[in-house]
Amino acid sequence: MSRVFSGVQPTGDLHLGNYLGAIRNFVGLQDDHECIYCVVDMHAITVWQDPAQLAPHTREVASAFLASGIDPKTSIIFNQSRVSAHAGLAWVFNCVARMGWLNRMTQFKEKAGKHRENASVGLYVYPNLMAADILAYKATHVPVGEDQKQHLELTRDIAIKFNNDFGTEFFPVTEPLIFGEATRVMSLRDGTKKMSKSDPSEYSRINLTDGADDIATKIRKARTDPNELPGTEALDADGTTLRSDAVAERPEAFNLISIYAALSGQDMAATLDQFAGAQFSTFKGELADLSVAKLGPIGAEMQRLMADPGHVDGVLADGAERAAAIAEPILRDVHKIVGFLGA
Ligand code: AMP
Ligand code: TRP
């Protein structure tokens, strides 16, 4: 059976992008895969995190997993720092990956900004730790949002180079799973920017813990354009995906339509058909109702779980034990392959 691994950082304020691009997709994969879902606290500290907030933020992500429908009995839910194999394998990968590969990573460039000299070394080698997360379990499939594609290509390069260098077939070459109608959810204030927790405007994103009023207000205030909603002429020749030139012309409109399609479970063609020629005021009302109906229960369940830290902590402790039982023997094998004495 193929094994699925994915991670989400506990940096606070999980939003609709995290849900539609990643967490929601985690749920369906449980039916026919062995799934491991990790709260990647070691990735989070590559930029400063208030120590007093790290545990509550870790519980927030775990609560989102549970509230969205991940079953902690069949799947494994845990926090990364508890399983030392992640750091252990990351060190080996620091010695496999090349500087030139990391220099090409766009997320590092974005996060480090102009003051690259001041970025942590951890932020620079972040993709090596991510490769270690995945390959410590020999995971074959990794569900993520579109923005993680480049990191997963690096994971493949690391697996291939390790196998070549040591003359083995030890690591699988991982497949990214980037699917659904909203693999890249954009800011509600600016359709050319990704929805992100680092955006200073609260109105740019819908947080998973937002109540019904906040959700409706944010959608009502979302930026649009003066035209009516587009129809199926915006689709590619294949009739299923949006034409990139159409999206570039009306990024806000297509972002809201993609969110509607993803939340409704309807495909893009049906969604465009439904609203072609409508006014934004009508469409926004429908989108607000749908969002409250789909996200409201998840937010409420998250609040309930976060008020019961004992339960969530128990889930993470149990998951960590099961995760370590898989990862430790794999790291031991890596030590043998590398030639460490005592392995
Ligand atoms: P992070 O919060 O950076 O750990 O991201 C967790 C998951 O959410 C990753 O799989 C990301 O690709 C995904 N994600 C984050 N932001 C967005 C977005 N705006 N649209 C779609 N997916 C996203
Ligand atoms: N880098 C991912 C993000 O920011 C989080 C992550 C860490 C991850 N390790 C992973 C995702 C392993 C998938 C698999 O979204």
Side-chain angles (χ1 to χ4, degrees), residues 5-27 30 35-72 75-83 86 111 126 129-130 133 143-145 147-148 182 185 187-188 194-215 218 263 291-292 294-320 323:
F5 183 99
S6 195
V8 176
Q9 300 184 75
T11 40
D13 281 345
L14 279 176
H15 54 73
L16 185 62
N18 298 127
Y19 180 65
L20 293 179
I23 300 173
R24 193 180 66 144
N25 293 344
F26 298 176
V27 181
Q30 297 178 107
C35 295
I36 305 173
Y37 297 124
C38 186
V39 188
V40 287
D41 45 12
M42 289 159 60
H43 277 103
I45 65 160
T46 57
V47 298
W48 173 252
Q49 302 297 324
D50 177 355
Q53 291 304 314
L54 201 48
H57 286 163
T58 300
R59 292 186 190 107
E60 182 194 4
V61 177
S63 300
F65 287 171
L66 296 169
S68 302
I70 295 168
D71 177 354
S75 299
I76 295 178
I77 298 178
F78 74 109
N79 58 311
Q80 187 185 29
S81 59
R82 274 209 165 108
V83 177
H86 293 245
K111 285 199 181 177
Y126 176 118
L129 177 60
M130 181 163 161
D133 295 340
V144 283
D147 61 345
Q148 294 303 307
V185 178
S187 156
L188 299 180
K194 197 175 69 168
M195 184 177 284
S196 149
K197 51 195 132 201
S198 56
D199 194 311
S201 168
E202 272 294 321
Y203 287 101
S204 69
R205 65 183 160 266
I206 293 175
N207 293 321
L208 289 184
T209 49
D210 280 349
D213 290 349
D214 282 334
I215 296 175
K218 288 177 182 181
L263 284 173
S291 303
V292 169
K294 295 286 179 182
L295 303 175
I298 295 174
E301 178 64 1
M302 280 177 70
Q303 302 282 12
R304 192 188 70 76
L305 287 163
M306 287 190 285
D308 184 6
H311 172 69
V312 176
D313 292 6
V315 166
L316 292 169
D318 170 66

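Computed from a predicted structure; not experimentally measured.
Here CE of Met195 is found 13.0 Å from CG of Asp147. Values are rounded to the nearest 0.5 Å. In this structure, the separation between CG on Asp214 and CD on Glu202 is 8.5 Å, given to the nearest 0.5 Å. Here the straight-line distance linking atom CG of Asp308 with atom CD of Gln303 works out to 13.5 Å at 0.5 Å rounding. The distance from the CD atom of Glu301 to the CG atom of Leu208 is 13.0 Å, given to the nearest 0.5 Å. Note that CG of Leu129 and OG1 of Thr46 are 8.5 Å apart. Values are rounded to the nearest 0.5 Å. One finds the SG atom of Cys35 at 11.5 Å from the CZ atom of Phe65 (value rounded to the nearest 0.5 Å).
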CA sep, side-chain torsions, deciding dist, call: Leu188, Lys218, side-chain contact (heavy atoms from CB on, under 4.5 Å): CA-CA 8 Å; Leu188 299 180; Lys218 288 177 182 181; 4.2 Å; yes
Evaluation steps, side-chain contact (heavy atoms from CB on, under 4.5 Å), between Phe26 and Val8: CA-CA 11 Å; Phe26 298 176; Val8 176; 4.1 Å; yes
side-chain contact (heavy atoms from CB on, under 4.5 Å) between Ile23 and Val61, intermediate numbers included: CA-CA 10 Å; Ile23 300 173; Val61 177; 5.6 Å; no
From CA spacing to verdict: side chain to side chain donor-acceptor pair (under 3.5 Å), Lys197, Thr11: CA-CA 8 Å; Lys197 51 195 132 201; Thr11 40; 3.0 Å; yes
Ile70 vs Ile77, side-chain contact (heavy atoms from CB on, under 4.5 Å): CA-CA, chis, key distance, verdict: CA-CA 9 Å; Ile70 295 168; Ile77 298 178; 3.7 Å; yes
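Under the side-chain hydrogen bond (donor to acceptor under 3.5 Å, both in side chains) criterion, the residue pairs touching residues 49-65 are Arg59-Asp313, with sequence neighbours excluded.
Between Leu263 and Ser291 there is a side-chain heavy-atom pair separated by less than 4.5 Å. By the 4.5 Å heavy-atom criterion applied to side chains, Phe5 and Asp133 are counted as neighbours. Counting only heavy atoms from C-beta outward, the side chains of Ile36 and Phe78 approach each other to under 4.5 Å. At a threshold of 4.5 Å between non-hydrogen side-chain atoms, the residues Leu305 and His311 count as touching. Side-chain contact between Leu295 and Asp210: absent, with no pair of heavy atoms (C-beta onward) separated by less than 4.5 Å.
Minimum heavy-atom separation, Val312 to Ala62: CG1-CB, 3.7 Å. Counting all heavy atoms, side chain and backbone alike, Pro72 lies closest to Asp318 at O-OD2, 4.5 Å. Here the closest heavy-atom approach between residue Ser6 and residue Pro143 is recorded as OG-O, 2.7 Å. Heavy atoms only, all atoms of each residue included: Pro10 and Val40 are closest at CD-O, 3.3 Å.
Residues passing the ring pair (Phe, Tyr, Trp, His ring centres under 6.0 Å) test with Tyr19, sequence neighbours excluded: none. Every side-chain contact (heavy atoms from CB on, under 4.5 Å) that Asn25 has, sequence neighbours left out, goes to Phe179. Partners of Ser68 under the side-chain hydrogen bond (donor to acceptor under 3.5 Å, both in side chains) rule, at least two apart in sequence or in another chain, do not exist in this structure. Arg82 meets the side-chain contact (heavy atoms from CB on, under 4.5 Å) test with Asn79, Leu316, Ala317, Ala320; sequence neighbours excluded. Residues satisfying the ring pair (Phe, Tyr, Trp, His ring centres under 6.0 Å) criterion with Tyr126, sequence neighbours excluded, are His43, His151.
A donor-acceptor contact shorter than 3.5 Å links the side chain of Asn18 to the backbone of His15. Judged purely by atom type and a 3.5 angstrom limit, Gln30 uses its side chain to pair as donor or acceptor with the backbone of Val27. For Gln80 (side chain) and Val39 (main-chain N/O), no donor-acceptor pair under 3.5 Å exists by modelled atom type.
In Lys294, the NZ atom is not crowded: 12 or fewer heavy atoms of neighbouring residues, nucleotides or ligands sit closer than 6.0 Å.
Donor-acceptor pairing under 3.5 Å is lacking for the side chains of Gln9 and Asp41.
Under a 4.0 Å N-O distance rule, the pair Asp199/Arg205 does not qualify as a salt bridge.
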